[in-house]
Enquirer: 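Structure in structure tokens, see below.
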Amino acid sequence: MKLVKNIAIALTAVAGLASASFGSAAGKHPMQMEWSFDGAFGQFDMQSAQRGWQVYKQVCSACHSLKYFRFRNLTDLGYEEDMIKAWAAEYEVEGEVDDAGDETMRAARPEDAFPNPFPNENAARASNGGALPPDLSLIIKARHDGANYVYSLLNGYEDAPADSHVPAGKHYNPYFKGGAISMAPPLAEGIVDYEDGMAATPEQMAKDVVTFLTYVAEPKLVVRHHMGLEVLMFLGILTIILYFSMKKIWKPVKAGRNVYEDKK
Amino acid sequence: MSTINETIETEDGATRRDLLHVAAAGMGAVGAVMAVWPFIDQMNPAADTLALASVEVDLSAIGEGEAVVIKWRGKPVFVRHRTPAEIEAAREVPLDALVDKQTDAERVHEGHADWLVVMGVCTHLGCVPLGTKDGDDRGDFGGWFCPCHGSHYDTAGRIRKGPAPKNLEVPTYTFVTDTTLQIG
Amino acid sequence: MAEWNAAKPKNAVAAWVEERLPIISLVNNVVGSDTPTPRNLNYWWNFGSLAGLMLVVQIISGVVLAMHYTPHTALAFDSVERIMRDVNYGWLIRYMHANGASFFFIAVYIHIFRGFYYGSYKAPREVLWMLGVVIFLLMMATAFMGYVLPWGQMSFWGATVITNLFSAIPVVGESIVTLLWGGFSVDNPTLNRFFSLHYLLPFVIAGVVILHLWAKKISDSGNPLGIDVKSNADQIPFHPFYTIKDAFGAGVFFFVFAAFIFYMPNMLGHPDNYIPADPMVTPDSIVPEWYFLPYYAILRSITFDIGIPFTDIVFIPAKLLGVLAMFASILVWLFLPWLDTSKVRSGKFRPTFRWFYLFLVIDMFVLTIVGGKKPEGIWPMIGLIGTAYYFAHFLVILPLLGKIEKTLPLPESIANPVVKAAE
């Protein structure tokens, strides 16, 4: 099985190099949490993801868009279609141009994306002291160690140390690159009334919203983990059979027999 | 091929050789076939396309005798608010006179006979028949007329004359309320 | 020189085709039962067929992705996200394609370094080797343009930095860059042409691969002992011996590949590429994909001009020198058959060469790490030393070593690897 060794060596090297090349994260190293979606058997904790949806809807969505998330995706989190329709209808989106040529607004439908809180980037900046609240659809994948990073950031607000310089209107957060973040601490005890009665501590809310956002960033994670197991098992068995098939075919060669000669 | 077959046959006999190699080849083939599926299935409608598969129509704005065209799944759907005279005309036709034998009642929802909903696609070669807008040529039977090859449809959307083989297709639809129609 | 064996298919249809177009002979003579192959190829020889398989995987998954991708700056990122979220199995196919690039490079790097060790570039296989270098260059171009297509931050800034390399060319540099961009910055015309070329080049690669296999047929496979085949006892038919061995190797390789696709799909990528391209904001550090890091390190290691010391006269400014060094670092491989003066092919019988080979491998790893670091502190110095050693290996060590090294005695034959009595 020298081949296995060769490949293993090569991959370890590549993996090592890939991680070595990302050595320059500027903020404080994020807290390492345990997540339901970690590991080969990881799945989304549905209860937590549902609570996270509530946190996003009631807190984050005031400033952050979620443009790749559609209301219909909520079926993946275990919601019924009627509920989804009702939630969607709470929001207005641009409708078609009417017969008089005027632009209209209509209630959102399940196939619509979650509406952006601001009409455009400039409006978003103007409302947020010049800073643009990033879209959160991919935030977990767009940051190193994204789940832990977002969790740490949400819980990481501190009083600024004496030697740091935090400009007016900004807040000190050591997990943020540079330490000064425009977002005010978003989570306060009890800011959300959880439907399932869970106590809404900042830690709990951060955990829930990270679970939700991880779902939004990687909606196929569960099916990917399942299919991966099947594929790896299949390839494993196939490779073992191929190995024995190879050993058998090679037997005369390994025995030193001249298998080519009689051909000529 | 000959070399290896001979070599192994003399050693182990044919059956044992077959089993292991056939298992390997068979499993490889099965794997290849399974791996092909995602590459084919990706061509099927995607989730966002399927999500748009139904559309709601507000009927209150369509007066008697009027018709509208709705875009559904990228194709036109005719929604016609029929007059009693049009319904009567459609119901009078004997089945023998039809190419594609369907009664008018089969083509509308019970209790909503004044609403005719049909795909605006001629069953001949897929053109869009005229007859929805005011002033359109409605053909010899007061329904629709396809200008491409001259198919005439009646007030129930049934083919009466011309090359089209079938009546205009009726899509699946439901009345959400008396004034709201959901197609799809 | 390998002889050509005409196939005589038993099947009537196959025979009919064969008479008119000897396609069956062609396959049979390259990977068939009529292909005499040295009996002693080790597992390092598996990576050629693995690279070929990865090319097939990339072409198939790429063609399918192109059915859903939109090459427009306003829509590219969205269309990729649509593939990931809405297209049936889109996530699988995209992760396959993105990681497939890395695994293609893994296979090809091992294939190349196998060639370095066993002297696969030496007579009569010079053309075979050079075609391989051409394939590698085409792969680099293809991979680079492919990385631009998702139109994330790394896509955009990678494209900006690499196309700007050409501005180092004296006089016409700026015009060339404008030509490459089709505008005054990397923008929609750039994205469109990169998409077009990214779709085209893999088929060019496939064409050169056929030439590569043809050259392999003509000059015969090398082997770990580096000695020529002397009799039929030294060889075995390619099929079924190496087909089954390649199939087994593919099983192992695909197992690891699948582990990445399903469990670490983003590990080899960069998080910044999940941020849509923004021409106004450069990311903290622009890092190419891992397989480009050594060359990126060589590019950045040169920070000095070449000119007359203590005057203002500059012959080659640092920027140009860096670019030249980067291209030269691969082009030098083309001359390897003549730079390596040793009469002995295989590193197995070259005790001193083996050490230098090891140093080269280490040097490549060091350069890879340097390429991923910000050019601060000690890193530029390490990069410069690594670059100097890299060129020294090919331009100084190999030519001299062949003249002075005392090689070990070569075996009698492949089938009978008893070492000839030392003279």
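Chain letters run A, B, ... following the sequence lines, proteins first, then strands; residues in each count from 1.
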Enquirer: Specify which of A/Arg109, A/Glu111, A/Met246 makes the most heavy-atom pairs with chain B at under 4.5 Å.
Expert: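 Winner by heavy-atom pair count: A/Glu111.
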Enquirer: Can you find a heavy atom in the side chain of A/Val231 that is under 4.5 Å from one in the side chain of B/Met34?
Expert: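 With C-beta onward as the side chain, the pair stays apart.
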Enquirer: Which bit of A/Ile237 comes within less than 4.5 Å of chain B, counting heavy atoms only: side chain, backbone, both or neither?
Expert: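 Both the backbone and the side chain of A/Ile237 come within 4.5 Å of chain B.
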Enquirer: Which heavy-atom pair separates B/Leu20 from A/Ile241 by the least distance, and what is that distance?
Expert: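 Between these two residues, the closest heavy atoms are O-CG2, 4.0 Å.
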Enquirer: Does atom CD of A/Glu80 have more than 12 heavy-atom neighbours, drawn from other residues, nucleotides or ligands, at distances under 6.0 Å?
Expert: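 Not more than 12 within 6.0 Å, no.
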Enquirer: Surrounding CZ of A/Phe244 (heavy atoms of other residues, nucleotides or ligands, distance under 6.0 Å), is the total greater than 12?
Expert: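 Counting other residues, nucleotides and ligands, CZ of A/Phe244 stays at 12 neighbours or fewer.
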Enquirer: If you draw a 6.0 Å radius around CG in A/Asn120, do more than 12 non-hydrogen atoms from other residues or ligands fall strictly inside?
Expert: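 It does: A/Asn120 CG has more than 12 such atoms within range.
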Enquirer: For B/Ala47, is it the side chain, the backbone, both or neither that has a heavy atom under 4.5 Å from a heavy atom of chain A?
Expert: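 Interface part for B/Ala47: both.
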Enquirer: Which atoms form the tightest heavy-atom contact between B/Ala24 and A/Leu242, and what is the distance?
Expert: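 For B/Ala24 and A/Leu242, the tightest heavy-atom pair comes out as CB-CD2, 4.0 Å.
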Enquirer: Return yes when atom NZ of A/Lys85 has more than 12 non-hydrogen atoms of other residues, nucleotides or ligands closer than 6.0 Å, and no otherwise.
Expert: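 No, NZ of A/Lys85 has 12 or fewer neighbouring heavy atoms, counting only those of other groups under 6.0 Å.
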Enquirer: Got a sec: does the CE of A/Met233 have more than 12 other heavy atoms crowding it under 6.0 Å?
Expert: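 Open: at most 12 neighbouring heavy atoms sit under 6.0 Å from CE of A/Met233.
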